[in-house]
A.B. asks: 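For reference, the structure I am asking about is given below.
Whatever order the structure lists them in is the order used to number ligands and atoms, beginning at 1. Nothing fancy with the numbering, it's 1 onward along the sequence.
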Amino acid sequence: MRKLALAALGVALLTAIPGSAQTKKYNITLVPGLTTDGFYITMHHGAEESAAKLGINLDFQGAPEWNSTLQIPVLDAVIARHPDAILIAPTDKRQLIPSMKKANDAGIKVITLDTFIGDTGKYQTGDGNDADFVLSYVASDNVEGGRVAARALADAIGKRGKVYVSNVKPGISTTDQREQGFKEEMAKYKNITVLETQFNDDDANKAASQFAAVLARNPDIKGLFGANLFSAIGAGNGVKSAGKLGKVKVIAFDAPESIVNDLKSGLVTAAIAQHPGEMGAVGVQYAVDALDGKKVPTRWGTGYTIMTKKNISDPAVTKFLYSSK
Ligand code: T6T
């Protein structure tokens with residue numbers, strides 16, 4: 001129902017265009033968390049569709065890995081070219097603030113997609129916090145996503161046993177919030193123990209070897225939550241290599257094309273697919289609205305599609321798989 005409502009609103013957003021965008025061909029740059037991730041490739045496609053409908057120029061500039069020390073110079077180079085607006089998925093809650101502020105001070109409209117800067121993801125509050133200048137935050141509800149993952153994993157393991165979170169690194173708004181939501185929800189299950197989080201730096205190989213190490217220390221491990229695409233793929237590969245397919249349950253955040261086989265084989269019990277295409281489309285729309293002098297909502301929440309073995313052949317579900325190119 002919510003999905004339908006969102007889809008309807010998405011259509012409304014894209015059709016209620018006043019035409020003013022045509023008077024000036026705005027230049028908008030999308031800076032993803034990294035360029036080589038199906039999540040951001042899909043976000044780019046959504047942004048491109050919206051840009052084509054609105055008649056604006058869209059540029060995609062990012063680093064090949066999730067690393068704020070690589071993303072900052074990319075952003076600085078984008079600012080030097082002075083686009084009208086920047087849509088960015090900041091790779092760190094604090095480290096991107098100075099450059100993003102520089103963009104805003106130069107008169108460039110700044111919107112964050114997927115991740116946020118600062119402590120809350122609430123912008124334009126007037127409370128003087130150092131991230132308040134950002135116009136809008138367009139993203140999933142990541143705390144809720146973590147809760148959904150916890151409930152799915154608890155059910156998969158019969159509400160009993162040891163589990164852990166395979167995560168990227170601390171300081172990323174999205175994955176921090178997923179872990180928070182997961183742990184808050186898991187605290188409700190008295191027979192489930194959440195072991196120490198394993199941080200993999202967005203490196204699937206590292207996530208796989210970390211699973212082997214966790215298993216060696218905890219031969220009775222029952223499940224894990226891969227808090228993003230590379231964490232889930234990597235930890236899932238670790239489970240497979242250890243011969244634990246189906247015995248150690250995996251809940252995956254994100255939906256690369258490979259998730260179809262992982263769900264069918266039983267390696268992954270459920271995948272929580274985000275809607276990055278919608279993030280890109282709404283982000284472009286908001287940037288154009290802001291440039292046209294309109295007030296834009298400070299938060300737009302995109303939904304989730306939960307993928308399981310049961311529904312993974314349904315086109316209404318598979319349309320939310322991320323594209324790899
Ligand atoms: O999970 C997404 C994104 O939401 C997160 O901020 C970083 O990782 C992904 O891009 C998946 O790799």
A.B. asks: Number the atoms of ligand 1 from 1 as they appear, then name those within less than 4.0 Å of a heavy atom of Trp66, with their elements.
C.D. replies: 6 (O), 7 (C)
A.B. asks: One residue to check: Asp254. Relative to ligand 1, which of side chain, backbone, both or neither has a non-hydrogen atom less than 4.0 Å away?
C.D. replies: side chain
A.B. asks: Under 3.5 Å, is there a donor-acceptor pair linking the side chains of Thr305 and His275?
C.D. replies: yes
A.B. asks: Indicate yes or no: does Asp176 engage Lys93 in a salt bridge with an N to O separation below 4.0 Å.
C.D. replies: yes
A.B. asks: Atoms of ligand 1 less than 4.0 Å from Leu229 heavy atoms?
C.D. replies: 11 (C), 12 (O)
A.B. asks: Check each atom of ligand 1 against the heavy atoms of Gln274 and keep those under 4.0 Å away; list them by number with element.
C.D. replies: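 Numbered from 1, ligand 1 contributes 1 (O), 2 (C), 3 (C), 4 (O).
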A.B. asks: Taking non-hydrogen atoms only, is Met43 closer than 4.0 angstrom to ligand 1 via side chain, backbone, both or neither?
C.D. replies: neither
A.B. asks: Give the atoms of ligand 1, by number and element, whose distance to some non-hydrogen atom of Thr174 is under 4.0 Å.
C.D. replies: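 So the answer, numbered in order with elements, is 5 (C), 6 (O).
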A.B. asks: May I ask you to identify the nearest protein heavy atom to atom 8 (O) of ligand 1, giving residue, atom name and distance to one decimal place in Å?
C.D. replies: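 Ranking protein heavy atoms by distance from atom 8 (O) of ligand 1, first comes Asn228 ND2, 2.9 Å.
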A.B. asks: Determine whether the side chains of Gln198 and Ser166 contain a donor N or O and an acceptor N or O closer than 3.5 Å.
C.D. replies: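 The answer is no; no qualifying pair exists.
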A.B. asks: Using a strict cut-off of 4.0 Å, indicate which atoms of ligand 1 neighbour a heavy atom of Phe230.
C.D. replies: 12 (O)
A.B. asks: Which residue and atom name correspond to the protein heavy atom nearest atom 3 (C) of ligand 1, and how close is it?
C.D. replies: Asp114 OD2, 3.2 Å
A.B. asks: Decide whether Asn228 and Thr174 meet the rule of one side-chain donor and one side-chain acceptor closer than 3.5 Å.
C.D. replies: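 No, no side-chain donor-acceptor pair sits under 3.5 Å.
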A.B. asks: Can a non-hydrogen atom of Gln177 be found less than 4.0 Å from any atom of ligand 1?
C.D. replies: no
A.B. asks: Is Asp155 salt-bridged to Arg151, going by a charged N under 4.0 Å from an acidic O?
C.D. replies: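 Salt bridge flag = no for Arg151 with Asp155.
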A.B. asks: Cation-pi check, Lys122 to Tyr137: give yes when NZ or CZ is under 6.0 Å from the six-membered ring centre and within 45° of the ring axis, no otherwise.
C.D. replies: no
A.B. asks: Show which atoms of ligand 1 fall inside a sub-4.0 Å distance from at least one heavy-atom site of Thr115.
C.D. replies: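 This gives 6 (O) as the contact atoms.
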A.B. asks: Measure the distance from atom 9 (C) of ligand 1 to every protein heavy atom, then report the residue, atom name and distance (to 0.1 Å) of the closest one.
C.D. replies: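 The closest one turns out to be Asp37 OD2, 3.5 Å.
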A.B. asks: Does the side chain of Tyr123 come under 3.5 Å of the side chain of Thr112 through a donor N or O and an acceptor N or O?
C.D. replies: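 The answer is yes; a qualifying pair exists.
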A.B. asks: Quick test of your reading of the model: are Lys102 and Asp76 salt-bridged, counting only N-O distances below 4.0 Å?
C.D. replies: yes
